[in-house]
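For reference, the structure discussed in these notes is given below.
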Amino acid sequence: MGALNRQGVHVVHATGSRSFTQTLRDNVERVDPQARRSFSYFNSYTHATTNDLDVLLCDEAHRLRETSRKRDTRNGYDDGRQAPPQVQELINATQVPVFLLDEHQLVRRGEVGSVQLSHDTATAMGVKVHQIDLRHQFRCGGCPEYVTWIENLLGLGSEQGSAAVWHQTIAAPPATKPGSQLSVKLDQAHLCRSVEFSDGLQEGTHTEEWSLRV
């Protein structure tokens, strides 16, 4: 967003999470009070002018709702509007809509965001689609094999229910740290991952096992 703004591009960030957006607003407001306007919600574009924005970054787009119609079932509130699909409102509001999503991270009932939904809606609206698959994740050190292993373990991958086995596991006794073993494997150009497991055998004691993914 910063790079686009410096180029004079009118870019806005949108999410379906109140806490996430509010946190972003609070952080940027300390530097520039006007910057909070660059962070919005998915349901903020009901009355937007067509192509009003240059770029709209829809973060966590898997959390898109079917429509932006405001309803509160607990208090019996319903604005009664015949609203168009929320994804259509977002695409209509900007020249370049960007949807960042992970279909395995739906949080609440009623969230409908998906690659297929975004693709089909954009195509129907005459918008060219360019899909980029992001397999690397910062939180796991950019290891796509680890992501695949987790997805299969949870039944979300192509090989549902059959998690891949690590190629090799080196277990060290509790008093031993595998630093030297890890260094040897790294010197041999192997990809290694160190994981520590604790298992309480009895009250006040535990053992530790170190494993290297090679």
Side-chain angles (χ1 to χ4, degrees), residues 1-5 9-28 35-140 147 150-151 154-158 160:
M1 284 185 65
L4 290 174
N5 278 318
V9 177
H10 186 192
V11 55
V12 174
H13 180 277
T15 77
S17 169
R18 180 181 298 274
S19 59
F20 185 20
T21 297
Q22 192 57 52
T23 298
L24 292 173
R25 285 177 171 177
D26 292 342
N27 286 333
V28 300
R36 67 178 287 113
R37 298 178 181 177
S38 297
F39 298 90
S40 62
Y41 300 102
F42 293 151
N43 62 1
S44 301
Y45 298 91
T46 300
H47 304 292
T49 303
T50 301
N51 292 336
D52 186 45
L53 304 173
D54 292 330
V55 178
L56 179 58
L57 298 176
C58 300
D59 203 353
E60 296 190 341
H62 47 271
R63 302 202 61 186
L64 287 173
R65 296 285 182 163
E66 184 175 351
T67 72
S68 296
R69 180 177 174 180
K70 296 180 180 180
R71 285 176 287 185
D72 187 340
T73 55
R74 289 176 297 182
N75 298 317
Y77 173 78
D78 189 332
D79 66 11
R81 293 185 304 109
Q82 295 298 319
Q86 190 173 79
V87 63
Q88 183 176 316
E89 292 179 345
L90 296 170
I91 294 174
N92 180 70
T94 180
Q95 296 184 48
V96 181
V98 179
F99 294 97
L100 304 172
L101 62 89
D102 184 341
E103 295 177 334
H104 298 323
Q105 292 190 30
L106 298 180
V107 178
R108 295 182 179 179
R109 183 182 304 174
E111 295 174 347
V112 299
S114 69
V115 173
Q116 192 68 47
L117 175 66
S118 304
H119 189 285
D120 291 349
T121 304
T123 301
M125 295 174 67
V127 177
K128 184 178 180 180
V129 177
H130 181 55
Q131 181 174 327
I132 301 175
D133 296 320
L134 304 176
R135 287 295 298 162
H136 295 277
Q137 295 190 27
F138 174 78
R139 292 174 182 169
C140 64
V147 176
I150 289 295
E151 289 178 349
L154 299 177
L156 302 174
S158 57
Q160 296 187 9

Exercise. Counting N and O atoms only, with roles assigned by atom type, does the side chain of Thr94 sit under 3.5 Å from a partner on the main chain of Asp54, one being a donor and the other an acceptor?
Worked result: yes
For this session: Rounded to the nearest 0.5 Å, what's the gap from NE2 on His10 to CG on Asn51? Could you check?
Result: 13.0 Å
Exercise. Just by modelled atom types, is the Val115 backbone N or O under 3.5 Å from a matching donor or acceptor in the Glu103 side chain?
Worked result: yes
For this session: Hey, could you give me the CD/CG distance between Glu60 and Asp102, rounded to the nearest 0.5 Å?
Result: 9.5 Å
Exercise. Just by modelled atom types, is the Asp52 backbone N or O under 3.5 Å from a matching donor or acceptor in the Thr49 side chain?
Worked result: no
Exercise. To the nearest 0.5 Å, what is the distance between CG (Leu24) and CZ (Arg36)?
Worked result: 11.0 Å
Problem set entry | Straight-line distance of Asp59 CG to Ser17 OG, nearest 0.5 Å | 10.0 Å
Problem set entry | Stepwise side chain to side chain contact (heavy atoms under 4.5 Å, CB included) check, Asn43 with Arg65 | CA-CA 9 Å; Asn43 62 1; Arg65 296 285 182 163; over 6 Å; no
For this session: Quick one: do Phe99 and Thr121 satisfy side chain to side chain contact (heavy atoms under 4.5 Å, CB included)? Show the steps, please.
Result: CA-CA 12 Å; Phe99 294 97; Thr121 304; over 6 Å; no
Exercise. Parallel, tilted or perpendicular: which describes the rings of His13 and Phe20, with under 30° parallel and over 60° perpendicular?
Worked result: perpendicular
Problem set entry | Close side-chain approach of Arg63 to Arg108, heavy-atom, < 4.5 Å | yes
Problem set entry | Glu66, CD: over 12 other non-hydrogen atoms inside 6.0 angstrom | no
Seminar exercise, completed: Tightest non-hydrogen contact, residues Ser68 and Gln86, listed as OG-NE2, 3.1 Å
For this session: Could you check if a side-chain atom of Val9 sits within less than 4.5 angstrom of a side-chain atom of Val96, using non-hydrogen atoms only?
Result: no
Problem set entry | Donor-acceptor contact below 3.5 Å, side chain Gln88 vs main chain Pro85 | no
For this session: Go through the steps for Phe42 and Cys58 under the test side chain to side chain contact (heavy atoms under 4.5 Å, CB included), then give the verdict.
Result: CA-CA 8 Å; Phe42 293 151; Cys58 300; 3.8 Å; yes
For this session: Calculate, to the nearest 0.5 Å, the distance between atoms OG1 and CE belonging to Thr123 and Met125 respectively.
Result: 11.0 Å
Problem set entry | Arg25 side chain to Phe39 backbone, donor-acceptor under 3.5 Å | yes
For this session: Kindly say whether Met1 contributes a backbone atom to a donor-acceptor pair with the side chain of Asn5 at under 3.5 angstrom?
Result: yes
Exercise. In Å, rounded to the nearest 0.5 Å, how long is the span from CD1 of Ile91 to OG of Ser118?
Worked result: 6.5 Å
Exercise. Could you walk me through whether Tyr45 and Ser40 pass the side chain to side chain contact (heavy atoms under 4.5 Å, CB included) check?
Worked result: CA-CA 9 Å; Tyr45 298 91; Ser40 62; 2.6 Å; yes
